[in-house]
Number of protein chains: 2
Amino acid sequence: MNKRATLKDVAREAGVTAATVSYVVNNTPGQTVRPETRDRVLAAVAKLNYIPNTHAQTLRSSCIPCVGVVIRKNLAVPRFAQMVFGIQERLEQEGHNALLLGNAVDGRGFTDYVGAYLAGRVSGIIFIGTENMGPDKKSLELLQAERAPLVVFNCQTEGDFYSTVDLDYRGGARLITSRVLARRCRRVLYFRPDADTPQERLREQGVRDAVEGRSDVELIVRSAPIALDSIEVWDARYYAGDTDEGLRLNEVFMESAREALALVEDGDAVIASWSTWTHYFRKAEPTRDIVYAELANNGESWVASDLYTRMPNYDAGVACADEILSLVNGGACCARTIKLANVFEARQP
Amino acid sequence: MNKRATLKDVAREAGVTAATVSYVVNNTPGQTVRPETRDRVLAAVAKLNYIPNTHAQTLRSSCIPCVGVVIRKNLAVPRFAQMVFGIQERLEQEGHNALLLGNAVDGRGFTDYVGAYLAGRVSGIIFIGTENMGPDKKSLELLQAERAPLVVFNCQTEGDFYSTVDLDYRGGARLITSRVLARRCRRVLYFRPDADTPQERLREQGVRDAVEGRSDVELIVRSAPIALDSIEVWDARYYAGDTDEGLRLNEVFMESAREALALVEDGDAVIASWSTWTHYFRKAEPTRDIVYAELANNGESWVASDLYTRMPNYDAGVACADEILSLVNGGACCARTIKLANVFEARQP
DNA sequence: ATGAAAGCGCTAACAC
DNA sequence: GTGTTAGCGCTTTCAT
């Protein structure tokens, strides 16, 4: 809460003017400073723990070392936290920082992140969507009108005035399924949520891709009673703990897992859309000899399914950061799709 | 990347001067504006999507709507992400935002967060420590010298020039243990990491508190082969996935879980320091009839132990935000200890 | 090699 | 009720 040291303070201390201090501190190209003067300035800088005020710099240079990060859902959900960590680290490499922004709407219809952009607080926005939702229409329009650098993650949409980063759900599902088939399972049960999102559609397609033309393999697709609104409940545990609703969902889910298991025999395989589902299956019928695969592990590696794709969340974050930095520097918009090649396969028993 | 609208633009549009616009936009107390003028200004504001530039405001008012958040470890670890979410939401209620800051050290020996404070980017710092580490000595000295608002979380230290927020590990352990004893277990195995941190010491004390004077109960304490450095490995899965080191640690851990289980009989209880350990025990010996308790669930509710304390991470974040806001507003330093009262107890079988 | 001064966008004390 | 102006801390052009 002290007043922090300013250019002037340093200048006074060193017996020079502000301009000279600026030259020294910034190593201004094409400016030469007498070594002795430079030393005096540096000594003063060190003595006063001087660091240039970022707001003043920004005001002058209009270059803002800060990127806004918005999460449609929230940071408590592990996959998003992992992403933001990737964003943070990549930004820091370039001397930028991540500013967490909300998406509440104010009286004027501006979301927090649009407001922050308009207020000049961030040089661009990374929007981390949910399975089925990206930025709202008005925010998109405003950002487009301002020609604001924008990266939208996980929305499986096309945008021509913003960049997109998405995961290759289809390819990942195809990959895991083919690995499952390599284990000579005759029957495969694909167990997915009952939510009609682009992501789940792509996953199912991927599974079907891999089974396509394999007349020796039977594919059964079943849905767990998890629709769009219960996804919220599923995720709420991370900040709200075990709510009644959550526990109820658990029970319903367990029941459907049991029913699904009745459709397979020992030696068959079960592929689950989401991580930790293996846990429910094993709990439902501990003694079954089934190959379990999961399409979306997020670091819950203790719930060892036999096979899983690890979601490249950290890398996705890095990609988003890369992309926004490129846009901020005047780069062209771009659509990236990140492969889900990070497969873990337990040794055969 | 457009030039954003400024006060002057609005003033020109409305046919008034900058001051008038400022009066209207800020509803400056004690300033009266003719309704008609006000309307013209507001219309211009709306037309241009004007929002005052935060850097200019900060420069003038030296009030910085932004708090720095530093995580000794990283955001990918779920308990920290949950905390930061709490911080974010609480700060937003007061019109502040969270700026993620690193703790790398620059050429001058300044950590990122000290640098950000000195540069006037944040009004204060929330430092989220690990089990055994807080801010480094030099950073502390600098922040003290600057009288910077600082909140240190999870370090179980005293500080007189900064505020602390800690969790009541001892009370939490005592609580869970007494709940375990209420189930009439004659023997309790407490299984803890082999790391001598303040937190683990407090937990063991809590367990002992509860058993104290109960001559009918036998307490056995055993350590898992997880020392200070392997905690890192344990946490790395969240951003690095399953490393060889991680898988090896898993195996070693599993072995020690097996050995520990040999010390108890059906009807006894096992209390684990960390969450998800129940999973290993159950996997090691699926058919044992043992009461499992965990001291530190972080939302991994699918790994249902019979009894657990949910870590109040979100609330801890809120508390840290509250505290930093109070300090920024000139409040006195304070030490908060958050109770671990969030107990989940599965119905008796 | 160094200094003086303008101006980035805003607020607030003061003048009219 | 509205305008003028100084100044927050910095960079940079132009003088010296």
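- Side-chain N/O atoms of K8(A) include none lying less than 4.0 angstrom from OP1 or OP2 on dG3(C).
- As rounded to whole Å, 7 Å separates atom P of dG9(C) from atom CG of N53(B).
- Of the residues near DNA chain D, A5(A) and Q31(A), the one whose nearest nucleotide (by heavy atom distance) lies more toward the 5' end is A5(A).
- The nucleotide whose nearest atom lies closest to any side-chain atom of A19(B) is, among dG9(C), dA12(C), dT11(D), dA12(C).
- Computed from coordinates, the L48(B) CG to dC10(C) P distance equals 12 Å when rounded to whole Å.
- Within 4.0 Å (heavy atoms only), T32(A) reaches at least one base atom of the nucleic acid.
- When only modelled atom types and interatomic distance are considered, S139(A) and D136(A) share a side-chain donor-acceptor pair under 3.5 Å.
- A donor and an acceptor atom never sit less than 3.5 Å apart when one is taken from the side chain of Y50(B) and the other from the base of dG9(C).
- With dT11(D), dT2(D), dG3(C) as the choices, the nucleotide that has an atom nearest any side-chain atom of V33(B) turns out to be dT2(D).
- For the residue pair Q93(B) and R90(B), a side-chain donor N or O sits within less than 3.5 Å of a side-chain acceptor on the partner.
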Solution key, residues 59-72 of chain A side-chain donor-acceptor pairs under 3.5 Å, sequence neighbours excluded:
| from | atom 1 | to | atom 2 | distance (Å) |
| --- | --- | --- | --- | --- |
| S61(A) | OG | Q57(A) | O | 2.7 |
| S61(A) | OG | C63(A) | N | 3.3 |
| R72(A) | NH1 | G134(A) | O | 2.8 |

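- I64(B) places its CD1 atom 11 Å from the P atom of dG9(D), with the value rounded to the nearest Å.
- Among the protein residues, T6(A) comes within range of the sugar-phosphate backbone only, with heavy atoms under 4.0 Å from sugar or phosphate atoms but none that close to a base.
- In this entry the distance linking CD of E36(A) with P of dT2(C) reads 8 Å, nearest Å.
- Listed nucleotides: dG3(C), dG9(C), dC10(D). Nearest to the side chain of R60(B): dG9(C).
- Residue Y23(B) contributes atom OH, which lies 10 Å from atom P of dG3(D) at whole-angstrom precision.
- With sequence neighbours excluded, the residues satisfying side-chain hydrogen bond (donor to acceptor under 3.5 Å, both in side chains) with N2(B) are R147(A).
- At the heavy-atom level, T20(B) lies under 4.0 Å from the strands shown only through sugar-phosphate atoms.
- Of all nucleotides listed (dT11(D), dT11(C), dT12(D)), dT11(C) comes nearest to the side chain of Q57(B).
- As judged by a 4.0 angstrom heavy-atom cut-off over every strand, R34(B) is placed among residues touching the sugar-phosphate backbone only.
- Distance N27(A) CG to dC10(D) P: 17 Å, rounded to the nearest Å.
- Summarising the geometry, the separation between CZ on R12(B) and C1' on dC10(C) is reported as 16 Å, rounded to the nearest angstrom.
- Close to dT11(D), at under 4.0 Å from its OP1 or OP2, lies a side-chain N or O of S22(A).
- When rounded to the nearest whole Å, the span between CG of L118(A) and P of dG9(C) equals 14 Å.
- Within the 4.0 angstrom heavy-atom criterion, only backbone atoms of the sugar-phosphate kind lie near T37(A); the bases stay farther away.
- Comment: E131(B) engages K73(B) in a salt bridge, judged by a side-chain N to carboxylate O separation of less than 4.0 angstrom.
- Between the side chains of R121(B) and N97(A), a donor-acceptor pair is found at a separation under 3.5 Å.
- Remark: K3(B) is not in phosphate contact with dC8(C), judged by side-chain N or O atoms under 4.0 Å from OP1 or OP2.
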